[in-house]
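The first residue of the sequence shown is numbered 1, and numbering continues consecutively from there. The figures that follow rest on heavy atoms only: side chains count, while hydrogens, waters and symmetry mates do not. Because the structure is a prediction, the values reported are computed rather than measured.
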Amino acid sequence: MTFRGTNGRSGSAPRCQLGGRLFRCTNPGTHVCQYCARTFCAEHATYVKDHEEVCARRECRAKWDDLQLHFRYREFVFARNRAGVCGVEGCEGRFGYVCSLCQGQFCPDHLSERLYPVFDGFRRREEPRSVCDHCWERRKIWSQR
């Protein structure tokens, strides 16, 4: 594999960008993390399959793990919505309000209007969003830079 550097010259593959503070991994980088954009080797891979590549950094692992939980959560909420009830387990209230993030439907007691962090390029700002408790808690993982 040949990569072009920032100076436009061809060169060898970049090295893995993971490892400790004092000792970086010396293996050639074979993947680029979809979350942090760092190059990493097979030894520092958390998940590599199809179009997904996730490195072993704690923050990136947390995002990938959270995404798997979120997919299961959405399936559960949508199944409840198909039954005509709020997406929260045990609630038999009628839905009618949609979470801005997961698109699940909830009763008014299980959806809140909150200022949600949004990144626009290099700026962070907050916008009002209707969010369920699950999506509100996820912001802690996804708002990390």
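A heavy-atom distance below 4.5 Å is not found between the side chains of L101 and R139. Contact annotation: the side chain of P128 approaches that of L115 to within less than 4.5 Å [non-hydrogen atoms, C-beta and beyond].
In the hydrophobic clustering of ILVMFWY residues, with side-chain heavy atoms under 4.5 Å counting as a link, I141 and L67 come out together.
Here the straight-line distance linking atom CD of E92 with atom CZ of R94 works out to 10.5 Å at 0.5 Å rounding. Atom SG in C135 sits 8.5 Å away from atom CZ in R74 (nearest 0.5 Å). In this structure, the separation between CG on L18 and SG on C36 is 6.5 Å, given to the nearest 0.5 Å. For the atom pair CZ of R138 and SG of C132, the computed distance is 9.0 Å after rounding to the nearest 0.5 Å. One finds the CG atom of L111 at 7.5 Å from the OG atom of S100 (value rounded to the nearest 0.5 Å). The OG1 atom of T30 sits 7.5 Å away from the CD atom of E53 when rounded to the nearest 0.5 Å.
When all heavy atoms are compared, the tightest approach of C41 to C25 is SG-SG, 3.8 Å. A pairwise comparison of heavy atoms in C16 and F40 identifies SG-CA, 3.7 Å as the closest pair. The two residues E113 and S130 come nearest to each other via the heavy atoms OE1-OG, 2.8 Å.
Under the ring-ring contact (aromatic ring centres under 6.0 Å, His included) criterion, the residue pairs touching residues 48-75 are Y47-W64, H70-H134, Y73-H134, with sequence neighbours excluded. Listed by first and then second residue, the ring-ring contact (aromatic ring centres under 6.0 Å, His included) pairs that reach into residues 80-116 come to none, sequence neighbours excluded. Counting only residues at least two apart or in different chains, side-chain hydrogen bond (donor to acceptor under 3.5 Å, both in side chains) contacts with residues 32-44 comprise N27-E43.
The number of heavy-atom neighbours closer than 6.0 Å to CZ of R58, taken from other residues, nucleotides and ligands shown, is 12 or below. When the shell of 6.0 Å around CD of E89 is examined, it contains 12 or fewer heavy atoms from other residues, nucleotides or ligands.
With R80 contributing its side chain and G104 its backbone, the two residues share no donor-acceptor pair below 3.5 Å.
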Can you list the steps and then say if R57 with C33 is a side-chain contact (heavy atoms from CB on, under 4.5 Å)?
CA-CA 10 Å; R57 288 181 64 237; C33 182; over 6 Å; no
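For V98, the side chain to side chain contact (heavy atoms under 4.5 Å, CB included) partners at least two apart in sequence or on another chain are Q103, Q105. Residues that satisfy the side chain to side chain contact (heavy atoms under 4.5 Å, CB included) test with R72, not counting sequence neighbours, are Q68, L69. By the side chain to side chain contact (heavy atoms under 4.5 Å, CB included) test, S112 pairs with R114, sequence neighbours left out.
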